[in-house]
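What follows is one structure encoded as structure tokens, with my remarks underneath.
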Amino acid sequence: MTTWSCMNLQDSASPIMEQLIFFHDHTMMIITMILAMVLYFMASTIINELVDRYMLEGQTMELMWTIVPAVILLFITTPSLRLLYLMDEIHNPIMTIKTIGHQWYWSYEYSDFVNVEFDSYMTPYEGDNKSMFRLLETDNHVTLPMHSFIRIIVTAADVLHSWTIPSLGIKADATPGRLNQSSFMINRPGLLYGQCSEICGANHSFMPIV
């Protein structure tokens with residue numbers, strides 16, 4: 001989970017999140033280069049008092065500032081489309097878990113087993129317990145295997161919710177009357193925290209996921 005004063009993304013716990021972090025760094029590098037160039041051009045325009053009459057208008061210059069941004073967009077869209085297809089790919093899952101959003105708690109059903117289902121409520125914060133994370137701890141944790149493709153089916157019983165685990169790079173909308181499907185693979189052990197990412201009502205911030 002995010003630590004104190006951490007300004008970056010959370011450490012990845014799945015291959016998809018690793019790719020998302022790489023794409024974020026790739027895009028930020030391109031944006032930083034564009035920003036540096038634009039600031040340099042603006043500063044040189046303000047400071048420089050000389051005028052080049054051949055640069056006041058020119059078809060070559062206009063052609064360049066049309067083609068160059070298009071090439072830059074290609075460098076961004078190509079890995080972006082690859083990532084979208086990777087995130088949408090449903091591999092052969094070893095197990096399926098169904099998540100149902102309620103006001104304001106989550107219900108889980110292990111579809112591959114008989115009568116394995118439970119509700120997960122937020123645990124009230126105890127100030128004396130220093131090992132407990134405020135607004136993030138639940139009474140029942142979801143236990144999932146490592147290095148296995150897991151399919152998750154998300155729905156809601158009342159209003160819109162969103163099942164989100166940032167370190168897994170997964171965010172699935174829970175819509176009443178609809179089943180949304182996603183998949184992920186956990187590549188390291190640990191406690192992974194998330195919260196409902198849809199403004200679903202008064203107790204929206206009290207729907208943690210562990």
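Only heavy atoms go into these numbers, but all of them, side chains included; no hydrogens, no water, no symmetry mates. Position 1 is the first residue of the sequence, and the numbers go up from there.
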Heavy-atom side-chain contact between Ser167 and Met17 under 4.5 Å | no
What is the distance from atom CD1 of Ile100 to atom CG of Asp119, rounded to the nearest 0.5 Å?
-> 9.0 Å
Separation between CD1 (Ile16) and CG (Leu20), nearest 0.5 Å, reads 6.5 Å
Distance in Å, Ile165 CD1 paired with Ile170 CD1, rounded so as to fall on 0.5 Å steps | 8.0 Å
Is the closest side-chain heavy-atom distance between Tyr110 and Val142 below 4.5 Å?
-> yes
Show the numbers, then the answer: is there a side-chain contact (heavy atoms from CB on, under 4.5 Å) between Asp139 and Ser120?
-> CA-CA 6 Å; Asp139 56 354; Ser120 183; 4.3 Å; yes
Are side-chain heavy atoms of Leu168 and Ile186 found at a separation under 4.5 Å?
-> yes
Single-linkage hydrophobic cluster Val71~Ile30, side-chain heavy atoms < 4.5 angstrom = yes
Only pairs at least two apart or in different chains count here, so list each ring-ring contact (aromatic ring centres under 6.0 Å, His included) that has a residue in residues 10-32.
-> none
What pair of heavy atoms forms the shortest contact from Val154 to Ile152, and how long is it?
-> CG2-CG1, 3.9 Å
Looking at side-chain heavy atoms only, is the closest gap between Val159 and Glu198 below 4.5 Å?
-> no
Return the minimal non-hydrogen interatomic distance between Arg188 and Leu192, and the atom names on each side.
-> NH2-CD2, 4.4 Å
Answer whether the closest heavy-atom distance between the side chains of Lys171 and Ser162 falls below 4.5 Å.
-> yes
Can you give each donor-acceptor pair under 3.5 Å made by side-chain atoms of residues 82-97, sequence neighbours left out, with the distance rounded to 0.1 Å?
{"unit_1": "Arg82", "atom_1": "NH1", "unit_2": "Gln19", "atom_2": "OE1", "d": "3.2"}
{"unit_1": "Thr96", "atom_1": "OG1", "unit_2": "Arg151", "atom_2": "NE", "d": "3.2"}
{"unit_1": "Thr96", "atom_1": "OG1", "unit_2": "Arg151", "atom_2": "NH2", "d": "3.1"}

Find the distance between OG1 (Thr45) and OH (Tyr40) and round it off to the nearest 0.5 Å.
-> 9.5 Å
State, yes or no, whether a side-chain contact exists between Tyr108 and Thr143 at a heavy-atom distance under 4.5 Å.
-> no
Scanning both residues in full, the closest heavy-atom pair of Ala174 with Ala156 reads O-CB, 3.5 Å
Met33 atom CE, neighbour heavy-atom count above 12 within 6.0 Å | no
Cluster question for you: counting only ILVMFWY and a side-chain heavy-atom cut-off of under 4.5 Å, with indirect links fine, are Phe75 and Leu81 together?
-> no
ILVMFWY cluster, Ile67 and Met64 together (side-chain gap under 4.5 Å) | yes
Can you find a pair of side-chain heavy atoms, one from Met185 and one from Ile150, that are under 4.5 Å apart?
-> no
Taking it one step at a time, do Val210 and Leu136 satisfy side-chain contact (heavy atoms from CB on, under 4.5 Å)?
-> CA-CA 8 Å; Val210 185; Leu136 284 176; 5.7 Å; no
Atom CE of Met29: over 12 foreign heavy atoms under 6.0 Å | yes
Are Ile209 and Phe118 in one and the same hydrophobic cluster, where Ile, Leu, Val, Met, Phe, Trp and Tyr link if side-chain heavy atoms are under 4.5 Å apart?
-> yes
Can you list the steps and then say if Asp173 with Arg178 is a side-chain contact (heavy atoms from CB on, under 4.5 Å)?
-> CA-CA 10 Å; Asp173 288 338; Arg178 175 174 176 157; over 6 Å; no
Taken in chain and number order and not counting sequence neighbours, the residues that satisfy ring-ring contact (aromatic ring centres under 6.0 Å, His included) with His102 are Tyr105
What is the minimum heavy-atom distance between Thr155 and Gly177, and which atoms define it?
-> OG1-N, 4.2 Å
Under a single-linkage definition using a 4.5 Å side-chain heavy-atom cutoff for Ile, Leu, Val, Met, Phe, Trp and Tyr, are Leu73 and Leu63 assigned to the same hydrophobic cluster?
-> no
Taking atom CE of Met122 and atom CZ of Arg134, what is their separation to the nearest 0.5 Å?
-> 8.0 Å
Mind telling me whether Phe184 and Trp163 have parallel, tilted or perpendicular rings, with 30° and 60° as the class edges?
-> parallel
Between CD1 on residue Ile34 and CD1 on residue Ile72, distance to nearest 0.5 Å = 4.0 Å
Of the non-hydrogen atoms in Gln103 and Cys200, which two are nearest, and what is the gap between them?
-> NE2-O, 3.5 Å
Just wondering, do Pro176 and Leu160 contact through their side chains at under 4.5 Å, heavy atoms?
-> yes
What's the verdict on side-chain contact (heavy atoms from CB on, under 4.5 Å) for Glu18 and Asn187, showing C-alpha distance, side-chain angles and the deciding distance?
-> CA-CA 11 Å; Glu18 286 181 12; Asn187 59 9; 3.4 Å; yes
In short, Trp106 meets Cys196 closest at the heavy-atom pair CZ2-CB, 4.0 Å
